[in-house]
Amino acid sequence: MVAVHAYGGGEWGLGFTYADLATATLIDRTLSNMVAGHDLLSPAAAWGAMVHALRNLGRPGIASMAIAAVDNALWDLKARYLDLPLAQLLGAVRTSIPAYASGGFTSYSLDELSAQLGGWAAEGFASVKMKVGRDACADVERVRLGREAIGPGVELFVDANGGYSRTLALAQAERFAPYGVTWFEEPVPSDDLEGLRLIRDRAPAGMAIAAGEYGYEPAYFDRMLGTGAVDVLQADATRCEGISGLLAVAALCEARGLRLSAHCAPSLHVQPFCALRPAVHVEYFHDHARIERLLFDGAASAVDGALTPDPTRPGFGLTLKDADADRFAIS
Ligand code: SMN
Ligand code: MG
């Protein structure tokens, strides 16, 4: 995690991304000077300056994650300055957002998989996500077990992380369908937009194709949507250049009538996803939920399968627990 504090108007703002130390170096050496002196009420202006300044480094990847962390801190600062939760600042359209629980790694034993997914169903999550894509045969058995663990009333999502070929993904979609899989994420590598489109066109009825977690800039999402690659677009504000970038992605979804789902970092996404009209849910990725609870006061905590921002806390509602974070600091 790379955490950023921004200061102005007697307030502070906190943003973060999940990225390499190189991202922090870029923020420290370049972006911090770049945003200094900007109007704290206009994060979008600072965002434009950052995008311009990093042009020659190449935009996707480290540069975009660095912009994301700073942009998130600047939005938090603005919201704190105005004493508004970020959802209110952006214009809330809902008071809570459904969350799907996510884990189910291929490295788990069958018992671990059952216990995790079944536990989430018992906690009240309406949908849960598990990994597939490592061993096609084993995956079918794992999906069968996943369904058995959660019972009939919970949606089952699978994420192949691009682990299948086009033909195998089509075959797996047919094999997963009897277990009520309603979401097939990255059945093929997400750079294969025509492949995603092919699977989407031929997937069993009721099975949505999802991708977008490697999106760093608006043009990437525009290409993905322009190819008709997905039913649900995923976006991650720790990657897609922060809240400013996320607003652009939401506009693309809205224009095409597509659903938007948050990837990872639940504590960062709960507030903005209460203000984005195309948003359908956020991902309650279990490792991030744990890390964010460890490092932040005000971290997201799912209740009955939903995340509800605290209306009394401004911005993202997060405060870095300095003493706990210091134990893990790298400098
Ligand atoms: C994922 C990728 C990287 C880190 C955590 C989780 C995964 C997801 O692809 O969609 O949750
Ligand atoms: Mg994924």
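Just so you know, ligand 1 is whichever comes first in the structure, and atom 1 is the first atom listed for that ligand.
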Set out, in order, the CA-CA distance, both residues' side-chain angles and the distance that settles salt bridge (Lys or Arg N to Asp or Glu O under 4.0 Å) for R197 and E194, then state yes or no. CA-CA 5 Å; R197 172 65 193 259; E194 283 79 17; over 6 Å; no
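The aromatic rings of Y164 and F176 sit tilted, their planes meeting at an angle between 30° and 60°. Using a 30° and 60° split on the angle between ring planes, W183 and Y100 fall in the tilted class, from 30° to 60°. Between H286 and Y108, the ring planes lie perpendicular to each other; the angle is over 60°, past the 30° to 60° tilted range.
Note on L57 and V2: same hydrophobic cluster, where clusters join Ile, Leu, Val, Met, Phe, Trp and Tyr whose side-chain heavy atoms are under 4.5 Å apart, directly or indirectly.
Residues with a heavy atom under 4.0 Å from ligand 1: S102, K129, K131, D159, N161, E185, E213, H263, C264, E283, F285.
Between R134 and D139 there is no salt bridge, since none of the side-chain N atoms of the basic residue sits less than 4.0 Å from a carboxylate O of the acidic one. Note on R59 versus E241: salt bridge recorded, some NZ/NE/NH1/NH2 to OD/OE distance being below 4.0 Å.
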Please set out all donor-acceptor pairs under 3.5 angstrom arising from side-chain atoms of residues 26-46, sequence neighbours excluded.
from	atom 1	to	atom 2	distance (Å)
S32	OG	I27	O	3.2
S32	OG	D28	O	2.9
D39	OD1	L41	N	2.8

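Closer than 2.8 Å to the Mg ion (ligand 2) sit the protein N, O or S atoms D159 OD2, E185 OE2, E213 OE1.
When the side chain to side chain donor-acceptor pair (under 3.5 Å) test is applied to S165, the partners found at least two apart in sequence or on another chain are T167.
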